[in-house]
Protein chains: 2
Amino acid sequence: MDLSNDEVDRIFRALADATRRDIVRRTLTEEASISDLAHRYDMSFAAVQKHITVLEGAGLVTKHRKGRERRIRGNPEALRTAQTLLNAYERIWQGRIDRLDAVLADN
Amino acid sequence: MDLSNDEVDRIFRALADATRRDIVRRTLTEEASISDLAHRYDMSFAAVQKHITVLEGAGLVTKHRKGRERRIRGNPEALRTAQTLLNAYERIWQGRIDRLDAVLADN
DNA sequence: TTGATATACAACCATTTGGTTTCATATTAG
DNA sequence: CTAATATGAAACCAAATGGTTGTATATCAA
């Protein structure tokens, strides 16, 4: 795994917004174009586009071109990264480990 | 569990900062005063105090008075809340559930 | 070819965030 | 009592965030 603090920051930051969590949820089961998604929220196309950029930067979704569309797909890998992190904190609390080296890189 | 979006926002937001994650990590195994913690980071006492306020607002740590000190203790309960959330997304991806009602409140 | 649709991107704005310094107050130690 | 320590809280600041509108470009449909 081997994560930098910045990567972890980006993942949790991206998850700290209800619209973005909803985009992840939807695209985990079914990919969607940006306009598909933009229809669903009460904000501009550009705002949704920005949310998707944040999610992409955190690795929580991927984009791929499909004609004139960009299809967005949720990436369960990044979610598992966050889960692993939280599990590590849980193990710290249980006293079974005292460091995060197994998960975090040294940079 | 029954969480509002705002509560979830606050938890993930609080976790999206390396200093705050470190405070949680330390105080999960051993409580500490604010000055104890402030010593450890290269920033002002007030800055650390603010990070602790953010963590407390998210329920990730609790404060309790001990003489002139305030002891900070990590709260594994809030961590488990985040874990539960992420597990729900995992189950969505696996097609085993398609909603988050079990975890999220309707407000 | 032309018009409609899908996306990208820039400029702008208000609010929030993460830091600072400073001052006030409470508590403990001598 | 007095000095030192621990905390709280305000005022301030730069940068980031989350939204907007407007414009440009690419692709599809008729």
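Throughout, a chain's letter reflects where its sequence line sits, starting with A, and its residues are numbered from 1.
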| So what does B:Arg71 hit on the nucleic acid, given a heavy-atom distance under 4.0 Å: a base, only sugar-phosphate, or nothing? |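 No contact.
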
| message | Please classify the nucleic acid contact of B:Lys66 as base, sugar-phosphate, or nothing, using heavy-atom distances under 4.0 Å. | response | nothing

Spell out, as yes or no, whether a donor-acceptor pair under 3.5 Å connects the side chain of [X] to the backbone of [Y].
X	Y	value
B:Asn75	B:Gly59	yes
A:Arg70	A:Lys63	no
B:Glu69	B:Lys66	no
B:Arg73	B:His64	no

Measure [atom1]/[X] against [atom2]/[N] and give the value in whole Å, please.
X	N	atom1	atom2	result
B:Phe12	D:dT17	CZ	P	18 Å
A:Lys63	C:dA8	NZ	C1'	8 Å
B:His51	D:dG8	NE2	P	16 Å
B:Ile72	D:dT7	CD1	P	8 Å
B:Ile52	D:dA6	CD1	C1'	12 Å
B:Arg13	D:dT17	CZ	P	8 Å
B:Arg10	C:dT16	CZ	C1'	15 Å
A:Gln49	D:dT17	CD	P	17 Å

| query | Does B:Arg70 have a side-chain nitrogen or oxygen under 4.0 Å from the phosphate oxygens OP1 or OP2 of D:dA6? | reply |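 For B:Arg70, the contact criterion (side-chain N or O under 4.0 Å from OP1 or OP2 of D:dA6) is not met.
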
| said: Can you say whether a donor on the side chain of A:Arg68 sits under 3.5 Å from an acceptor on the base of C:dT5, or the other way round? | reply: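 Yes.
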
| Closest nucleotide among C:dA6, D:dG18, C:dT20 to the B:Lys50 side chain |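 Looking only at heavy atoms from C-beta outward on B:Lys50, the closest nucleotide is C:dT20.
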
| request: Would you indicate which nucleotide in C:dT20, D:dT7, D:dA26 comes nearest to any side-chain atom of A:Arg65? | output: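 The listed nucleotide nearest to A:Arg65's side chain is D:dA26.
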
| Nucleic acid contacts - residues 27-45 of chain B versus DNA chain D, non-hydrogen atoms under 4.0 Å | B:Ser33, B:Ile34, B:Ser35, B:Phe45

| side chain to side chain contact (heavy atoms under 4.5 Å, CB included) evaluation trace for A:Arg21 with B:Phe12 | CA-CA 11 Å; A:Arg21 287 192 300 275; B:Phe12 283 128; 4.3 Å; yes

| task | Please tell me which of A:Val54 and B:Ala46 maps to the more 5' nucleotide of DNA chain D, matching each residue to the nucleotide holding its nearest heavy atom. | result |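 Here B:Ala46 is the residue nearer the 5' end.
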
| query | Hey, which of A:Val24, A:Thr27, A:Thr19, A:Leu15 is the one that makes side-chain contact (heavy atoms from CB on, under 4.5 Å) with A:Leu55? | reply | A:Val24

| So does A:Arg80 pair up with A:Glu77, basic N to acidic O under 4.0 Å? | yes

